[in-house]
Amino acid sequence: MISGVSLGVVVVEAAERSGSLITARLAGEQGREVFAVPGSPLDPRSAGTNNLLKQGACLVTSARDIVETVAPILGRPPIPPPIELAAAGDRSEAFEQ
């Protein structure tokens, strides 16, 4: 049900056999985006997410990865990065971007 009402599913941690992987599989079958956060190859709790990445899930290292992937689906441009203030303290340059 969760995958059916979502644009995508993010799996942060999953063993090789877990409910999270069932949800991820259903999301893929329903045409939803599947995202996975990588984990240590030595940690059995990361085996599921690492396998999702091997199968083509979107790699997630920050929230921006999700926003950039989902934004076109919503028809909105991605959120621009924060404006960095000029080092010399001249704020007018920062607002011209």
Side-chain angles (χ1 to χ4, degrees):
M1 187 154 148
I2 291 184
S3 64
V5 297
S6 304
L7 291 175
V9 174
V10 180
V11 181
V12 176
E13 187 175 87
E16 284 189 61
R17 295 176 52 103
S18 72
S20 300
L21 296 180
I22 293 170
T23 302
R25 179 181 51 80
L26 291 171
E29 290 174 359
Q30 296 165 344
R32 310 296 193 245
E33 291 292 333
V34 177
F35 301 92
V37 178
S40 169
L42 303 175
D43 187 348
R45 296 171 297 179
S46 298
T49 53
N50 292 340
N51 283 334
L52 285 174
L53 291 168
K54 287 181 184 178
Q55 296 170 17
C58 297
L59 174 69
V60 175
T61 57
S62 72
R64 184 171 213 46
D65 297 330
I66 298 167
V67 171
E68 288 176 349
T69 302
V70 175
I73 297 169
L74 295 173
R76 297 183 210 155
I79 299 169
I83 298 171
E84 294 189 28
L85 297 177
D90 180 12
R91 296 181 143 205
S92 63
E93 290 179 23
F95 292 106
E96 292 176 308
Q97 296 178 0

Checklist outcome for this item: Residues joined to L42 in its hydrophobic cluster, side chain to side chain under 4.5 Å directly or through other members, sorted by chain and number, are none
Same cluster for [X] and [Y] if Ile/Leu/Val/Met/Phe/Trp/Tyr side chains link at under 4.5 Å?
X	Y	answer
V60	I73	yes
V12	L52	no
V37	F35	yes

[X] and [Y]: which non-hydrogen atoms are nearest, and at how many Å?
X	Y	answer
V34	A27	CG2-CB, 4.1 Å
V11	A24	CG2-CB, 4.0 Å
S40	S46	O-CB, 3.6 Å

Checklist outcome for this item: Interatomic distance, CD@E68 vs SG@C58, rounded to 0.5 Å, equals 11.0 Å
Checklist outcome for this item: Those residues at least two apart in sequence (or on a different chain) that pass side-chain contact (heavy atoms from CB on, under 4.5 Å) with P38 are N50, L53, L59
Next on the checklist: Is the shortest side-chain heavy-atom distance between V70 and L7 below 4.5 Å?
Outcome noted: yes
Please output the side-chain donor-acceptor pairs of residues 15-23 that fall under 3.5 Å, not counting sequence neighbours, one pair per line with the distance.
from: S18; atom 1: OG; to: L21; atom 2: N; distance (Å): 3.4
from: T23; atom 1: OG1; to: G19; atom 2: O; distance (Å): 3.3

Checklist entry - Any salt bridge (charged side-chain N to carboxylate O under 4.0 Å, His left out) pairs touching residues 29-47, not counting sequence neighbours? => result R25-E29, D43-R45
Next on the checklist: Holding to side chain to side chain donor-acceptor pair (under 3.5 Å), I want the full list of residues that pass it with T61, two or more places apart in sequence or in another chain.
Outcome noted: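 For T61, the residues satisfying side chain to side chain donor-acceptor pair (under 3.5 Å) (neighbours in sequence not counted) are D65.
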